[in-house]
Protein chains: 2
Amino acid sequence: MASLPVLNQPPHQSGALLDHLARRVRTRSETVLAPLGLRTRHLVTLTVLRDHGSSTQQALAATLGIDSTNLVGLLNDLEADHLIERRRSPQDRRRHVVDLTDAGVKKLAKAEFALAAVEDEVLAALTFEQREQLYSLLQQATAATDVVACAGSEDEPMPPPMRS
Amino acid sequence: MASLPVLNQPPHQSGALLDHLARRVRTRSETVLAPLGLRTRHLVTLTVLRDHGSSTQQALAATLGIDSTNLVGLLNDLEADHLIERRRSPQDRRRHVVDLTDAGVKKLAKAEFALAAVEDEVLAALTFEQREQLYSLLQQATAATDVVACAGSEDEPMPPPMRS
DNA sequence: TATTGTTATACTCTATAACTATA
DNA sequence: TATAGTTATAGAGTATAACAATA
């Protein structure tokens with residue numbers, strides 16, 4: 001057993017709690033999103049596209065942590081509703097650059113408005129300041145590990161695909 | 001459109017980020033847990049049992065947010081490895097009271113030790129203090145919405161099953 | 001009759017492999 | 001030859017329904 005310096009507190013593990021709480025949110029969100037014709041994964045995809053800007057499908061799949069083959073159907077759904085657009089990259093015509101449409105931005109805002117109640121319920125124990133704190137921490141943690149979006153670097157050779 | 005007081009900041013949504021980050025953790029955790037013969041869901045189950053104490057299967061399923069039929073197989077796995085025990089409740093012989101064994105406690109600690117590296121990676125952008133802050137917020141949020149464990153109230157009529 | 005846990009099974013989701021087109 | 005995206009499909013995961021034991 002490695003002896004830790006006394007100054008270091010016992011390393012609390014957030015992993016299980018994250019999974020636990022995320023499941024709570026997901027379950028309740030599905031109910032709220034259903035009338036809007038969205039699933040949680042659609043919302044997450046739209047959110048990532050808004051926060052990181054346009055992206056190729058590969059980069060997007062890596063960032064979302066889903067298989068790129070599954071992203072195809074997911075984007076098909078969103079494209080059928082005109083919430084995203086796929087454009088062929090002029091630099092490399094194999095690539096699709098995925099982008100939010102205006103309708104997508106609006107739909108996302110509408111969904112988030114509807115989801116406020118869910119957050120209120122799941123994060124009921126937290127004060128307003130604590131919720132902002134949580135958001136800030138999550139934002140900071142995810143932004144750092146997300147595959148860099150490729151808005152301005154479409155001609156560059158994509159970062160290593162992040163094997164896990 | 002409900003007009004919010006100016007003092008209230010725009011309500012940032014943590015839901016999508018939670019899902020996003022949790023997926024990150026889950027993917028990486030699977031790799032680390034595999035040698036221990038555990039899946040993420042086993043770990044979450046053990047964690048909840050430790051943090052909340054013994055519970056009936058129904059309450060546990062509700063807390064975990066999984067279908068009670070699926071919990072059966074999950075507990076079978078853990079019981080086969082002697083990490084948990086199922087005892088019939090003397091008060092109501094229909095009920096199984098689920099409990100961590102000593103081996104379960106040890107295994108959980110071992111798993112958490114192994115998972116430290118994953119957390120280090122996924123939460124790399126956060127300082128030690130921020131990680132503790134995150135843990136604290138998650139703990140507070142989950143504890144409040146968790147179905148109350150039933151250590152001392154096995155004869156009471158269980159809280160409403162939390163329809164979602 | 002209602003509830004706890006279990007089993008059986010259908011449904012959904014995810015991942016592996018093969019294909020097309022571009023490079 | 002290698003890569004981006006797509007399709008087809010098998011394996012894993014999840015939920016619905018019926019059953020046994022107990023209340």
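Since the model is a prediction, treat every value here as computed from it, not as a measurement. Hydrogens, waters and symmetry mates play no part in the numbers below; they use all other heavy atoms, side chains included. Each chain gets a letter, A, B and so on, in the order the sequences are listed, and its residues count up from 1.
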Length of the line joining A/N70:CG and C/dT16:P, which is rounded to integer Å: 10 Å

Nucleotide D/dA12, atom P - distance to CG of B/D77 in whole Å: 14 Å

Check: B/R131 and B/E119 side chains under 4.5 Å, non-hydrogen atoms: no

Value in whole Å for how far the P atom of D/dA4 lies from CD of A/Q91: 15 Å

Residue A/T56, side-chain heavy atoms: nucleotide from C/dA15, D/dG5, D/dT22 that is nearest: D/dG5

Sugar-phosphate only, base, or nothing, as touched by B/R41 at under 4.0 Å among non-hydrogen atoms: sugar-phosphate

Sugar-phosphate only, base, or nothing, as touched by B/R86 at under 4.0 Å among non-hydrogen atoms: sugar-phosphate

Nearest-Å distance for atom pair CG/P, residues B/L74 and C/dG5: 14 Å

Upstream residue (5' side of DNA chain C) when A/D67 and A/R94 are each assigned their closest nucleotide: A/D67

Donor-acceptor pair (no angle test) under 3.5 Å: A/D92 side chain, D/dA4 base: no

Gap between atoms CD1 and P, on A/I84 and D/dG5 respectively (whole Å): 12 Å

Polar side chain donor-acceptor pair, A/Q58 to A/R95, under 3.5 angstrom: no

Spacing between A/N76 atom CG and D/dA8 atom P, to the nearest angstrom: 12 Å

Out of D/dT7, C/dT4, C/dT6, whichever nucleotide has its closest atom nearest the side chain of B/R95: C/dT4

Among D/dT7, D/dT22, C/dT16, the one nearest B/R93 by side-chain distance: D/dT22

Rounded distance in Å - CG (A/L60) to P (D/dT6): 12 Å

A/L75 side chain reached by A/L60 side chain, heavy atoms, under 4.5 Å: yes

DNA chain D: 5'-proximal contact among A/V98 and A/R23 (nearest heavy atom): A/V98

Candidate nucleotides D/dT14, C/dT14, C/dT6, ranked by approach to the side chain of B/T69 - the nearest: C/dT6

Which nucleotide in D/dA4, D/dG13, D/dA15 has an atom nearest any side-chain atom of A/Q58: D/dA4

Polar side chain donor-acceptor pair, A/T40 to A/E30, under 3.5 angstrom: yes

Nearest to side-chain heavy atoms of B/Q57, which nucleotide of D/dA4, C/dG5, C/dA23: C/dG5

4.5 Å side-chain heavy-atom contact, B/D146 and A/R24: yes

Whole-Å gap separating P (C/dC13) and CD1 (B/I66): 18 Å

